[in-house]
Amino acid sequence: MAFRSKEMVKKIMKKIGGEKNLDPGVKESLKKCLPDSKVVMSRAHRGIYAGRHIQFGNQVSEKGGNKTRRNWKPNVQEKRLFSYILDRHIHVKVTTHALRCIDKAGGIDEYLLKTPYKKMDTEMGLLWKSKIEKMYQELGNMQVVFFPQEEENKLAEEFKEMRIEQRVARRDARRKAYGWTPKAEEIEGVSEDVEASHHEELVANS
């Protein structure tokens, strides 16, 4: 299925939220790098295929040499890739060639940053590339503040206390949901004491 660069740029701008969210030179460079027309399978727009699409050729018989037209589809897998800049997993359809390229680059973020726009021949790849570039630019403009060692230790202790409080709250919620009461705890404690005393009697008799 053929697509044009102008239509793709319009779709990308619509998904991002307009030209205001992009830097001044990104749109012009995107238009220059995109091909005017190229044959791309329709399902490739929903994944990262790294240039692998349907190939056409002939199937030649062994005896008579008869040729039959056929096609070869790429090996597409649905994977969950972790993005460090987004701090979450991304569900995306990728080819095995794209997976090897991502592993070689060092991750999905590095692959999207290193791959030029002219090699991103799918809409999803261009969309994720523009998003990650924008987030890296925002991180570059942020100021980094370093805390003293005492404040870092204090923050770590507060974080531990907060985690403990969350665990206690979840435990209480589970007990309320399943009908766990303090009386049940007392009964369980008494039963454990009885079992321990019975075990001691058996050991003394033996």
Side-chain angles (χ1 to χ4, degrees), residues 1-58 70-147 152 155-156 159:
M1 178 182 232
F3 63 88
R4 293 181 176 84
S5 59
K6 292 182 180 179
E7 296 176 358
M8 180 178 284
V9 170
K10 287 181 181 179
K11 289 182 181 179
I12 293 170
M13 295 301 165
K14 186 177 180 181
K15 290 180 180 179
I16 293 173
E19 300 180 10
K20 298 179 181 179
N21 296 332
L22 285 177
D23 289 340
V26 174
K27 186 180 178 182
E28 285 73 13
S29 61
L30 183 63
K31 287 181 179 179
K32 291 178 182 178
C33 296
L34 283 174
D36 294 332
S37 63
K38 189 176 180 180
V39 177
V40 175
M41 53 195 303
S42 58
R43 67 172 182 168
H45 296 295
R46 302 186 298 272
I48 299 174
Y49 279 43
R52 294 294 188 266
H53 302 292
I54 297 178
Q55 295 180 354
F56 300 93
N58 296 322
R70 60 157 296 180
N71 55 22
W72 290 267
K73 293 183 179 180
N75 186 5
V76 181
Q77 305 290 332
E78 188 171 356
K79 295 292 182 179
R80 192 177 65 149
L81 305 175
F82 184 77
S83 173
Y84 289 97
I85 187 65
L86 299 174
D87 195 18
R88 65 182 180 88
H89 286 88
I90 301 173
H91 291 272
V92 63
K93 293 181 179 179
V94 293
T95 58
T96 53
H97 175 67
L99 283 175
R100 289 193 296 271
C101 294
I102 290 169
D103 292 338
K104 186 177 180 180
I108 184 66
D109 299 334
E110 288 77 8
Y111 169 74
L112 293 173
L113 290 173
K114 293 177 182 177
T115 306
Y117 279 100
K118 61 182 179 181
K119 291 187 178 180
M120 284 288 176
D121 51 359
T122 60
E123 295 179 7
M124 177 173 280
L126 291 168
L127 177 63
W128 283 112
K129 181 175 175 63
S130 59
K131 276 186 177 181
I132 288 176
E133 281 187 351
K134 181 187 173 185
M135 293 186 73
Y136 267 102
Q137 289 174 359
E138 291 177 354
L139 286 174
N141 297 329
M142 292 174 64
Q143 295 181 356
V144 180
V145 180
F146 294 97
F147 293 97
E152 288 185 0
L155 290 172
F159 182 72

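Heads up: numbering here begins at 1 and tracks the sequence. What you see below is based on every heavy atom in this structure, not just the backbone, and it leaves out hydrogens, waters and symmetry mates.
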- [ ] Starting at CD1 of I90, measure out to CE of M124 and round the result to the nearest 0.5 Å.
- [x] 9.5 Å
Task: Point-to-point distance, once rounded to the nearest 0.5 Å, from CH2 of W128 to CG of L113 - done: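 W128 CH2 to L113 CG: 13.5 Å, rounded to 0.5 Å.
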Open item on the list: Tell me which pairs pass side-chain hydrogen bond (donor to acceptor under 3.5 Å, both in side chains) where either residue lies in residues 100-116, with sequence neighbours left out.
Closed with: S83-D109
Task: Counterpart residues, side-chain contact (heavy atoms from CB on, under 4.5 Å), relative to D87 (two or more places apart) - done: F82
TODO: Using side-chain contact (heavy atoms from CB on, under 4.5 Å) as the criterion, list what pairs up with N71, not counting sequence neighbours.
DONE: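 Testing N71 for side-chain contact (heavy atoms from CB on, under 4.5 Å), a comparison that skips the adjacent residues, returns I54, F56.
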Task: Contacts of T95 that satisfy side chain to side chain donor-acceptor pair (under 3.5 Å) - sequence neighbours left out - done: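 Partners of T95 under the side chain to side chain donor-acceptor pair (under 3.5 Å) test: none.
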Task: Q77: partners by side chain to side chain donor-acceptor pair (under 3.5 Å), with sequence neighbours left out - done: N75
So which heavy atom on [X] is nearest to which on [Y], and how close?
X: Y49; Y: A98; value: C-CB, 4.3 Å
X: M135; Y: I85; value: CE-O, 3.7 Å
X: K79; Y: L99; value: CE-CD1, 3.9 Å

Open item on the list: Tell me whether R80 at atom CZ has more than 12 heavy atoms from other residues, nucleotides or ligands lying less than 6.0 Å away.
Closed with: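 No.
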- [ ] Report, as yes or no, whether the 6.0 Å neighbourhood of atom OH on Y136 holds more than 12 heavy atoms from other residues, nucleotides or ligands.
- [x] yes
Task: Set of residues satisfying salt bridge (charged side-chain N to carboxylate O under 4.0 Å, His left out) with respect to K129, sequence neighbours excluded - done: E133
Task: Within-4.5 Å side-chain heavy-atom neighbours: I48 and K93 - done: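 When only atoms from C-beta onward are counted, K93 and I48 do not touch, as no gap falls below 4.5 Å.
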Task: pair I102-L112: side-chain heavy atoms closer than 4.5 Å - done: no
